[in-house]
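Bear in mind the structure is a predicted one, so any value in this text is a computation, not a measurement. Each chain gets a letter, A, B and so on, in the order its sequence line appears, and its residues count up from 1.
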Amino acid sequence: MFRPVKIATWNVNGIRARVGAVGDWLAQHRPDVLCMQETKVVDDDFPFEELTRLGYVVKVSGQAGYNGVAIAASLPVNDVSTGLYDDLVDAERRVISATVGGLRVVNVYVPNGKSVELPSFPEKLRWLERLRVTLDTREDPTKDLVLCGDFNVALEDRDVYDPVRLRGRLHFHPDEHRALGRVLDFGLVDAYRALHAEGGRFSWWDYRGGDFRNNRGLRIDYAFVTRSVAARLSRAEIDVEPRRLPKPSDHTPVLLELS
DNA sequence: ATGGTCGAACCTCGA
């Protein structure tokens with residue numbers, strides 16, 4: 001059986017606005033799997049054709065206006081599921097999982113949290129704990145698995161443009177670090193970090209204030225892999241090029257290669 | 001400089 005060797009994740013910030021850029025990127029890089037977040041479209045209106053004509057099967061879980069996740073794969077897709085263990089319908093359309101050529105793929109769009117002062121912040125922390133329970137309940141850390149997506153948390157000082165200024169604020173709060181750490185304790189390794197030690201490599205930059213031009217960004221998009229996958233990891237990149245295009249997503253893709 | 005800019009959908013919300 002063919003198994004995936006190139007796996008990518010990209011918060012596209014509206015698939016209908018981005019389908020041209022996504023199609024171009026798929027044609028150029030030919031990943032076996034692309035996980036997308038913030039598709040912002042109901043399933044009936046998803047632009048399937050633009051991706052199927054490139055040879056991809058696309059599984060979607062979306063809603064109108066916000067959130068929404070999708071998995072595009074060029075290999076056979078099985079066992080598609082949605083949601084967390086206690087919300088399999090996935091009212092907010094934040095989780096889609098599938099098995100692609102023997103690799104379990106869990107694609108998540110973690111709640112933003114809005115502000116550390118608001119009730120949405122502890123809800124974000126609880127969501128991450130529920131993700132951990134979902135992994136414990138439904139997945140196996142001794143098997144090939146990648147958990148990828150937009151986690152809305154920058155883990156370390158080297159993952160943010162100004163750790164002193166940002167510490168304790170949304171995306172870089174110790175409670176978020178503990179909550180995402182609990183997810184990693186399932187038995188996962190940050191694939192990009194396993195191969196790259198340097199800071200200043202980000203996956204998201206605010207549209208405002210010239211943040212991209214000045215590289216004021218955060219690394220909040222990750223591919224976390226189980227030990228068996230980490231052992232095969234040959235390459236992990238953040239591809240900044242799509243962020244330079246006209247009308248970009250505010251996030252850029254993260255791409256893994258396995259041997 | 002607590003501003004600024006996007007996408008989606010209906011003019012404001014979520015990020």
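In this view, A:Leu184 and A:Leu155, A:Leu188, A:Phe224 satisfy the side-chain contact (heavy atoms from CB on, under 4.5 Å) rule, not counting sequence neighbours. For A:Lys40, the side chain to side chain donor-acceptor pair (under 3.5 Å) criterion is met by A:Asn13, not counting sequence neighbours. For A:Ala98, the side-chain contact (heavy atoms from CB on, under 4.5 Å) partners two or more places apart in sequence, or in a different chain, are A:Ile71, A:Val77, A:Val80. With sequence neighbours excluded, the residues that form a side-chain contact (heavy atoms from CB on, under 4.5 Å) with A:Pro163 are A:Asp157, A:Val160, A:Arg167, A:Phe172. The side-chain contact (heavy atoms from CB on, under 4.5 Å) search around A:Val42 returns A:Asp45, A:Ala64, not counting sequence neighbours. A:Phe121 meets the ring pair (Phe, Tyr, Trp, His ring centres under 6.0 Å) test with A:His173; sequence neighbours excluded. In this structure A:Asp211 satisfies the salt bridge (Lys or Arg N to Asp or Glu O under 4.0 Å) test together with A:Arg216, sequence neighbours excluded.
Rounded to whole angstrom, the span from the CG atom of A:Asp44 across to the C1' atom of B:dA8 amounts to 17 Å. Put simply, CH2 on A:Trp204 is 12 Å from P on B:dA15, counting in whole angstrom units. Rounded to whole Å, atom P of B:dG7 lies 17 Å from atom CE of A:Met36. Whole-Å rounding puts the A:Asn152 CG to B:dG14 P distance at 15 Å. Summarising the geometry, the separation between CD on A:Gln63 and P on B:dG7 is reported as 19 Å, rounded to the nearest angstrom. Taking atom CD of A:Glu38 as the reference point, atom C1' of B:dC13 lies 13 Å away to the nearest angstrom. Rounding to whole angstrom units, CZ of residue A:Arg16 and C1' of B:dG7 are separated by 9 Å. One can place NE2 of A:His251 at 17 Å from P of B:dG14, the figure rounded to the nearest angstrom.
A salt bridge links A:Arg232 with A:Asp144: at least one charged nitrogen is closer than 4.0 Å to a carboxylate oxygen.
Summary of the strand contacts: A:Pro111 and A:Thr39 both lie near DNA chain B, and taking for each the nucleotide with the nearest heavy atom, the more 5' one is attributed to A:Thr39. Of the residues near DNA chain B, A:Val41 and A:Asp150, the one whose nearest nucleotide (by heavy atom distance) lies more toward the 5' end is A:Val41.
Distance noted for atom P between B:dT12 and B:dA1: 31 Å (whole Å). Taking atom P on both B:dG14 and B:dT2, the two are 24 Å apart, rounded to the nearest angstrom.
Using a 4.0 Å heavy-atom criterion, one finds that A:Tyr109 contacts the sugar-phosphate atoms exclusively.
For DNA chain B, none of the residues of residues 117-132 of chain A falls under the heavy-atom distance limit of 4.0 Å.
Between A:Trp204 and A:His251, the ring planes are tilted. Angles from 30° to 60° get that label.
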Atom pairs, protein N/O to nucleotides 3-6 of chain B N/O, distance under 3.5 Å:
unit_1: B:dG4; atom_1: O6; unit_2: A:Arg208; atom_2: NH1; d: 3.4

